[in-house]
Amino acid sequence: MNWRRILSVMRKEWWHITRDRTSFVLLLLSPVLALVTMAYAFSIDIKDVGIGVLNQDLSPLSRQYLAQLGSTDALRVEAWPQSLDEVEQLMMHGSVKAVVIIPHGFAQDLEAGRMAALQVVVDGTDPNTAGHAIRHISAHTEHFATEQLKSRLAGAGLSSANLSPIDLRLRAWFNPSLKSTVSLLPALVGVVLSVPAMAASLALAREREWGTMEGLIVTPIGRGELIVGKLVPYVLAGLLSVPLCAATAVYGFGVPFRGSPWLYLALSAVFLFATMSISLLLSVFTQSQQVAIIGSMIIFLFSGFFMSGLLIPLAIMGPALKMEALMFPTTHFVLISRNVFVKGAGLGELQGYAIVLAVMGVIFLALTTLMFKKKL
Amino acid sequence: MAWEWRTTVPVGDLVIETENLTRAFKNVVAVDGLNLSVRRGEIFGLVGPDGAGKTTTIRLLVAIMDPTDGQARVFGYDTVRQPEPIKRRIGYMAQRFNLYGDLSVLENLNFFADVFEVRGKVRQERIERLLHFARLTEFRDRRAAHLSGGMQKKLALACTLIHTPEIIFLDEPTTGVDPVSRREFWDILTELHLQGVTLLVSTPYMDEAERCSRVGLMYQGQMVVCDTPERVKAMTEGELIALRPSDVRRAREVLAGLEGILEMQTFGDQLRIFVKDADQVITQGRVVLAAQGIEMLDVRRTRPRMEEAFISLIRRRMAEKVL
C-alpha cells in the first residue's frame, strides 16, 4: 500500500464526483427529497377518522354520550343518518369509517340499572382505520360506563374510590405522545442514505464504461490502493447528506435530536463505509453503470424497506428472517439512528452496532479487493 | 533515404517473445498460435485489417488479458504469472481514448505520475518536457474532454511516457487523426525510437507500416508474414505493371482474360497488375486493348507498394484457406 497513490486516486475520484455539478447536487439533495417523500408516505398516525351516529334514543343521556365521543381529535362525527338504510349507504360510499347506533331505550335501560345495548358497525376494508375507530369508541364507552356506575354508587351513598383494584399509570418514555414520525424519520435516514451508497456502485463500472479501466490496470497500481482510493471520497460525499437529513427530520418534522451530532456523524461514516463496500463489490461484477445501479437498488431499497425494522419491527420477525435482517447494514443503522435521535444514546450503548458495521465494511472491502482482477 | 537511422540504431536482446500465443473468445479465436519476437530498439509494426487480432495481441502482451494457450514473455517475465514487473517498465496507449475527460491535461499527467511514483524534481521536469514534446504546454489547464482528437492522442502518449518506459505499445494511435497530426505523431515516435525506446505499433495504415523497422502482417489471428518492409514488398509473386488505359473498367474486363495474370488492383485511373512475365503481358495487352478501341495512355514496370504487397499476400492466404 502506497499512501501517495491512494491519495491520488482519492483526489481524482473526488473530482469525478464533484465536477459534474448537476449530479453532485442531485447526489447531495436526493436523500433529503427521498426522506421528505417517504416520511409522508409512511406516516401511520391515524387521526380525525370520520364516523356517523344514528341516535334513535334522543335522550339527554345519549346526547351526553355522543358529545363526549366527538370531542377528541381521534374521531370526528361527520354524518347523522336517520335510518339503517342511510347507514348502509354511508358505509357503502366510504364517507364514514364507522357508525355508532344508539337504539331506543338506551337511557331508560341505563337508568333502570339494566344492561343497555349499543351497536357499532365498522368498515373492515381498511383494518388500520377500523381498529383505530374500534379502540377509541370502546375506550370512550368504557369511560362513560364507569362514570355512570360511579354516579349511581354515589346516589346510593356508596364510595366509588375502590372501584378498580389497580391504578394503572402509563407513561411512554422518550416519545410521550407515541408519535410515529419520531420513530419513523430516524429510521428513514438509514434508508435514504442508500442513495449515496448506490452512487458508489458506479465507481468501477464508470471506468469500464469510459474505457479508462484499461489504462489503469496496465499501471503498477495495487488493487487495494485503487479500491480504498475509490471508497473514501464516496463516504465523504455521502456524509455531506447526513446533516441535511438530520436537519430535515428535526426542523421539518419536529423529531427531537437528543444525542451527540458528532457521534451521529461518525457512526454514519461507519454505516456508509459498510454499505459502500457492498456497492463496490457489486461494481466488480458489473460492466455497465445501469446494471450497477439497478443491482444496488434491489439490495439497498429492498433490505431498507422490509428488513431493516423500518416498517416491520425486528421483534415480530421469525428467527430466520431476523438473522437475515441482521446481515444488512441498514438494520443496524436504523437502531443506531433511533437511539441517537430519540434516546440520546452514547457510544457506550451503540458500540455493538458500530463494531458490526465496521466488521461488515472490512469484510466486503477485502472481498472486493480479492475479486477485483487487473485483467480485461 | 529518409529512414537511414534504422540501421544506425543498435538492435539488442529479445524483449518480447511469444510462443504459440492463443486467445480464444466464445465465438472466435482472436489470436491463433502467434510466434513473435521483438528486439530492443525496434519499431515493430503490427498491421492487418480490422478484426485481425491486433488489439488482442497487444492486450496479451501488456498483461491485461490472459492467453487461453501458449505464452508470452516481456523482458523475460511471463505475462500471466509476473504481470506487475512488466507493467512498471512498459507504456500502453489503448486504441480508445482512455484518459479522464473531466481532468485537465496537467491533472491527468500528475495522476499517472503519482501512480508510477514519479516524484519531486524529476517529475516536474519530466512533465514540462512531455508537455513541450506533445505540443500541449499552452493547453495544460484545459480539460482533456475539450481537446481535439489529435491533441487527445498526444496527451495519451505523454501520460504513457511519464515513467520513461522501455517498451511502448501503441494500439492504432493515429486512427481517426487528421493527416497533419498523424505526421506530427509519427515524428514524436521517431524521436522516441532514436532515444532507444522499443515501440510496438499496430496500424491499419500502410504508409505507417513503411516507417517500421519490421512489420508483422496479421490476418484472422495469425501472422501471415513478419519481416522488414523491404523484404515484405519483395515477397509478392511475379512482376508488377502499372497501366493507365483510357477506360479502366472495360480494360479490366479485357485484360482479365489474358494468360499469366496473377492479380489486378485498381487505383483511380490506374490498373496495377501482378504478372508472371511483364514483357509478355505488356505486348499482348497492347494488342487486345487496341482491338477493343481502348488506348494505353501509360504503361511501366514498377515495384509493389506496401499496400499492394499486403493485399496480395492476404489474397494468397485466403485462396490457400479455400483450397
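Lettering of chains follows the sequences in order, A, B, ..., and the numbering in each one begins at 1. This structure is a prediction, so every number in the text was calculated from the model and none was measured. All heavy atoms count here, side chains included; hydrogens, waters and symmetry mates do not.
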K.L.:
Can you see which heavy atom on Arg208(A) is nearest to which on Arg96(B), and at what distance?
P.N.:
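Taking every non-hydrogen atom into account, O-NH1, 4.3 Å.
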K.L.:
I'd like to verify something: which residue of Lys87(B), Met65(B), Glu84(B) has the highest number of heavy-atom pairs under 4.5 Å with chain A?
P.N.:
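With the most close heavy-atom pairs to chain A, the winner is Lys87(B).
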K.L.:
Should the heavy atoms of other residues, nucleotides or ligands under 6.0 Å from OH of Tyr251(A) be counted, would the total exceed 12?
P.N.:
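Count not over threshold, so no.
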K.L.:
Return the orientation label for the Trp210(A) and Tyr100(B) ring planes: parallel under 30°, perpendicular over 60°, tilted otherwise.
P.N.:
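Judged by the thresholds at 30° and 60°, the geometry between Trp210(A) and Tyr100(B) is perpendicular.
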K.L.:
Chain B heavy atoms under 4.5 Å from Asp20(A): which part of the residue, side chain, backbone, both or neither?
P.N.:
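Neither part, no heavy atoms under 4.5 Å.
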K.L.:
At a heavy-atom distance under 4.5 Å, which candidate from Lys373(A), Arg11(A), Glu207(A) has the highest pair count against chain B?
P.N.:
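The candidate making the most pairs under 4.5 Å is Glu207(A).
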K.L.:
Are more than 12 heavy atoms from other residues, nucleotides or ligands located less than 6.0 Å from atom CG of Asp50(B)?
P.N.:
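At most 12 heavy atoms, drawn from other residues, nucleotides or ligands, come within 6.0 Å of this atom.
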K.L.:
Contact part of Leu216(A) toward chain B, heavy-atom cut-off under 4.5 Å: side chain, backbone, both or neither?
P.N.:
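Just its side chain gets close to chain B.
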K.L.:
Taking non-hydrogen atoms and a cut-off under 4.5 angstrom, which of residues 51-60 of chain B neighbour chain A?
P.N.:
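From residues 51-60 of chain B, the residues near chain A are Arg59(B).
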K.L.:
Does Glu138(B), at its CD atom, have more than 12 non-hydrogen atoms belonging to other residues, nucleotides or ligands within less than 6.0 Å?
P.N.:
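Open: at most 12 neighbouring heavy atoms sit under 6.0 Å from CD of Glu138(B).
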K.L.:
Counting a contact as any heavy-atom pair under 4.5 Å apart, which residues of residues 102-128 of chain B contact chain A?
P.N.:
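So the qualifying residues are Asp102(B), Leu103(B), Ser104(B), Glu107(B), Phe111(B), Phe112(B), Asp114(B), Val115(B), Phe116(B), Glu117(B), Arg119(B).
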